[in-house]
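Nothing fancy with the numbering, it's 1 onward along the sequence. Keep in mind that the numbers below use all heavy atoms, side chains included, and drop hydrogens, waters and symmetry copies. On a predicted model such as this, the values are computed, not experimentally measured, just so you know.
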Amino acid sequence: MTTDSAFRNDTFTPPTDFVDCLQELAAARPNHIALTVVARRNDHWIETVLTYRVFTQRVLALAATLQRLFTRDERVLFLLAKDEHYAVS
């Protein structure tokens with residue numbers, strides 16, 4: 001039997017959406033590395049490591065901001081460099 005929260009009574013229950021999956025991962029392994037991004041800034045390579053807890057917090061914070069600023073039927077376009085902000089969005 002596994003301790004993963006996605007498994008209940010030895011039966012896999014798939015998450016309903018990305019946020020549900022991310023929250024389950026953050027609850028099960030908050031300090032594990034979720035994402036490592038290497039990006040070039042000012043002629044230097046910078047490595048940014050995000051744990052599941054931090055990645056989830058940033059995703060949910062962005063989602064809350066977008067929900068506050070826009071209506072459900074509005075569209076948003078992100079133009080970002082390939083860094084941790086891109087992954088969060």
Side-chain angles (χ1 to χ4, degrees):
M1 184 150 162
T2 182
T3 58
D4 252 334
S5 60
F7 290 87
R8 295 175 186 92
N9 300 326
D10 292 332
T11 303
F12 176 70
T13 305
T16 55
D17 56 35
F18 173 74
V19 173
D20 183 36
C21 179
L22 196 55
Q23 288 177 315
E24 284 191 24
L25 287 168
R29 47 182 75 104
N31 297 317
H32 289 199
I33 294 173
L35 181 69
T36 301
V37 178
V38 179
R40 191 166 180 88
R41 293 188 187 131
N42 301 326
D43 295 327
H44 294 89
W45 290 101
I46 306 293
E47 180 179 280
T48 303
V49 177
L50 299 177
T51 62
Y52 280 104
R53 176 187 297 129
V54 172
F55 186 58
T56 301
Q57 289 170 341
R58 290 179 64 177
V59 167
L60 294 176
L62 176 60
T65 299
L66 293 174
Q67 287 175 337
R68 190 177 68 251
L69 295 174
F70 302 99
T71 64
R72 187 176 186 89
D73 60 338
E74 288 182 283
R75 300 289 181 251
V76 176
L77 175 65
F78 290 100
L79 299 174
L80 300 167
K82 295 176 187 165
D83 60 11
E84 69 276 8
H85 304 292
Y86 177 82
V88 168
S89 68

Engineer: Using the rule that two of Ile, Leu, Val, Met, Phe, Trp, Tyr join whenever any of their side-chain heavy atoms come within less than 4.5 Å, decide whether V37 and I33 are in one cluster.
Structural biologist: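 No, V37 does not connect to I33 through the hydrophobic network.
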Engineer: Which value, rounded to the nearest 0.5 Å, describes the distance between T51 atom OG1 and L25 atom CG?
Structural biologist: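 T51 OG1 to L25 CG: 11.5 Å, rounded to 0.5 Å.
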Engineer: Can a donor-acceptor pair be found, under 3.5 Å and without considering hydrogens, that links the side chain of D17 to the backbone of V19?
Structural biologist: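 Checked: pair present.
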Engineer: For R53, is there any backbone N or O sitting under 3.5 Å from a side-chain donor or acceptor partner on T56?
Structural biologist: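 Checking the backbone N and O of R53 against the side chain of T56, no donor-acceptor pair under 3.5 Å is found.
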Engineer: Out of curiosity, L60 CG to T65 OG1, how far, rounded to the nearest 0.5 Å?
Structural biologist: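 Rounded to the nearest 0.5 Å, the CG-OG1 separation comes out at 10.5 Å.
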Engineer: Please determine whether residues L35 and I46 belong to a single hydrophobic cluster, defined as Ile, Leu, Val, Met, Phe, Trp and Tyr linked transitively by side-chain heavy-atom distances below 4.5 Å.
Structural biologist: no
Engineer: Is V49 reachable from L22 through a run of I, L, V, M, F, W or Y residues, each pair having side-chain heavy atoms under 4.5 Å apart?
Structural biologist: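 Looking at the clustering, V49 is in a separate group from L22.
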Engineer: Using side-chain heavy atoms (C-beta onward) and a distance below 4.5 Å, is F18 in contact with V59?
Structural biologist: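 Touching, per the 4.5 Å side-chain cut-off.
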Engineer: Determine whether V88 and L80 fall in the same hydrophobic cluster, where Ile, Leu, Val, Met, Phe, Trp and Tyr are linked whenever their side-chain heavy atoms lie under 4.5 Å apart.
Structural biologist: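 The answer is yes; both residues are in one hydrophobic cluster.
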Engineer: Check which hydrophobic residues are tied to W45 through side-chain heavy-atom contacts below 4.5 Å, counting indirect links as well, and list them.
Structural biologist: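 Hydrophobic cluster check, W45: joined to V38.
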